Amino acid sequence: MAAAQASAFIRALAQANPEPKPELEYRDAFTLLVAVVLSAQTTDVAVNKATATLFEAAPDAAAMARLGPEGIAPHIRRIGLWQAKAKNVAALAEQLLARHGGEVPREREALEALPGVGRKTANVVLNVAFGENAMAVDTHIFRLGNRTGLAPGDTPRAVEDALVKRCPPELLRDAHHWLILHGRYVCKARRPECWHCVAREFCNYPDKVAGPTSG
DNA sequence: ATCCCGAGGG
DNA sequence: CCCTCTGGAT
């Protein structure tokens with residue numbers, strides 16, 4: 001897909017969603033970071049429920065560190081991998097205090113050095129919370145990038161690089177939400193619903209699904 | 001059965 | 001590259 005077509009693809013999503021409602025509701029760096037750390041192999045809805053009570057008990061790194069794994073666990077028992085995540089989040093809060101004055105660092109290296117934080121989580125925080133030139137690639141965006149031709153690549157990193165290169169810079173931040181929501185609800189893994197896709201005319205997917213009964 | 005906004009370790 | 005950690009929705 002040419003660069004111009006990639007821009008048109010993303011602009012079509014933008015026009016359809018002037019005020020995108022993110023699945024994970026947080027834009028503040030600390031709450032977003034914790035929410036994303038909790039989100040592996042779990043639905044966004046479950047994470048939002050868990051974090052609602054968790055952040056009431058511990059709205060910042062200091063409070064979260066005080067809570068500790070045993071204090072965190074009861075809030076997140078309904079989500080997958082909660083035992084490891086309770087430890088990670090507690091350790092994460094402690095390191096934020098010990099090494100970053102209780103704030104979330106803005107540097108990729110510092111972010112990825114935190115327990116439970118890999119490249120994907122770091123990219124979400126860099127992009128969504130800090131507005132940096134980064135793009136997180138999850139399973140949805142990976143699939144969408146390849147299927148549509150928007151950002152092809154055989155590794156998440158390759159898809160990431162293609163997206164950062166092709167997305168208009170001023171749209172990069174919100175594109176994260178647009179793409180992930182589009183991947184979840186329209187360009188789905190099993191039955192992509194091409195018949196009401198707003199970017200259909202810019203998509204290279206060869207077998208565009210015609211209607212609900214054809215998939 | 002299969003999937004979900006992964007990271008860490010072998 | 002592979003595996004494991006884990007629960008809930010569909």
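Convention: sequence-line order gives letters A, B, ...; per-chain numbering from 1. A quick note: this is a predicted structure, and the numbers were derived from the prediction, not measured.
- Here, B:dC5 and C:dC3 have their P atoms 23 Å apart, quoted to the whole Å.
- A side chain to side chain contact (heavy atoms under 4.5 Å, CB included) with A:V37 is found for exactly one of A:V117, A:V125, A:L114, A:V124, namely A:V117.
- Under the side chain to side chain contact (heavy atoms under 4.5 Å, CB included) rule, A:T51 has a single partner from A:L32, A:T31, A:L38, which is A:L38.
- Reading DNA chain C from its 5' end, the first and the last nucleotide to sit under 4.0 Å from a heavy atom of chain A are C:dC5 to C:dG8.
- Residues satisfying the side chain to side chain contact (heavy atoms under 4.5 Å, CB included) criterion with A:A199, sequence neighbours excluded, are A:F9, A:A12, A:L13, A:C197.
- Between A:D44 atom CG and B:dC3 atom P there is a gap of 17 Å when expressed in whole angstrom units.
- Of all the residues in residues 128-143 of chain A, A:D138, A:T139, A:H140, A:R143 reach under 4.0 Å from DNA chain B with at least one non-hydrogen atom.
- Salt bridge status for A:E160 with A:K120: absent, with no side-chain N to carboxylate O gap under 4.0 Å.
- When rounded to the nearest whole Å, the span between CD of A:Q41 and P of B:dT2 equals 15 Å.
- Straight-line distance between the P atoms of C:dC2 and B:dC3: roughly 16 Å, to the nearest whole Å.
- Counting to the nearest Å, the P atom of B:dG8 and the NZ atom of A:K85 are 13 Å from each other.
- In terms of the side chain to side chain contact (heavy atoms under 4.5 Å, CB included) criterion, residue partners of A:R166 (sequence neighbours excluded) are, by chain and number, A:M1, A:A6, A:P152.
- Listed by chain and residue number, A:A63, A:M64, A:L67 satisfy the side chain to side chain contact (heavy atoms under 4.5 Å, CB included) test with A:A58 (two or more places apart in sequence, or in another chain).
- Note on residues 63-77 of chain A: pairs passing side-chain hydrogen bond (donor to acceptor under 3.5 Å, both in side chains), not counting sequence neighbours, are A:T53-A:H75.
- No side-chain donor from either of A:R147 and A:N204 sits under 3.5 Å from a side-chain acceptor of the other.
- Residue A:K49 places its NZ atom among 12 or fewer non-hydrogen atoms of other residues, nucleotides or ligands, all under 6.0 Å distant.
- Remark: A:K165 pairs with no residue by the salt bridge (charged side-chain N to carboxylate O under 4.0 Å, His left out) rule, at least two apart or across chains.
- B:dG6 atom P lies 15 Å from atom CG of A:L33, rounded to whole Å.
- Listed by chain and number, the residues in a side chain to side chain contact (heavy atoms under 4.5 Å, CB included) with A:S7 are A:R11, A:P168 (sequence neighbours excluded).
- Contacts with DNA chain C (heavy atom under 4.0 Å) in residues 87-97 of chain A: none are found.
- In this structure, A:N48 atom CG and B:dC4 atom P are separated by 17 Å, rounded to whole Å.
- Sequence neighbours left out, not one pair with a member in residues 126-171 of chain A passes ring-ring contact (aromatic ring centres under 6.0 Å, His included).
- Comparing C:dT6 with B:dT2, their P atoms are spaced 23 Å from each other, to the whole Å.
- Of all the residues in residues 110-122 of chain A, A:L114, A:P115, A:G116, A:V117, A:G118, A:K120, A:T121 reach under 4.0 Å from DNA chain B with at least one non-hydrogen atom.
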Counting only pairs under 3.5 Å, give me each side-chain donor-acceptor contact of residues 93-102 of chain A, with atom names and distances, residues two or more places apart or in other chains.
| unit_1 | atom_1 | unit_2 | atom_2 | d |
| --- | --- | --- | --- | --- |
| A:Q95 | OE1 | A:R99 | NH1 | 3.3 |

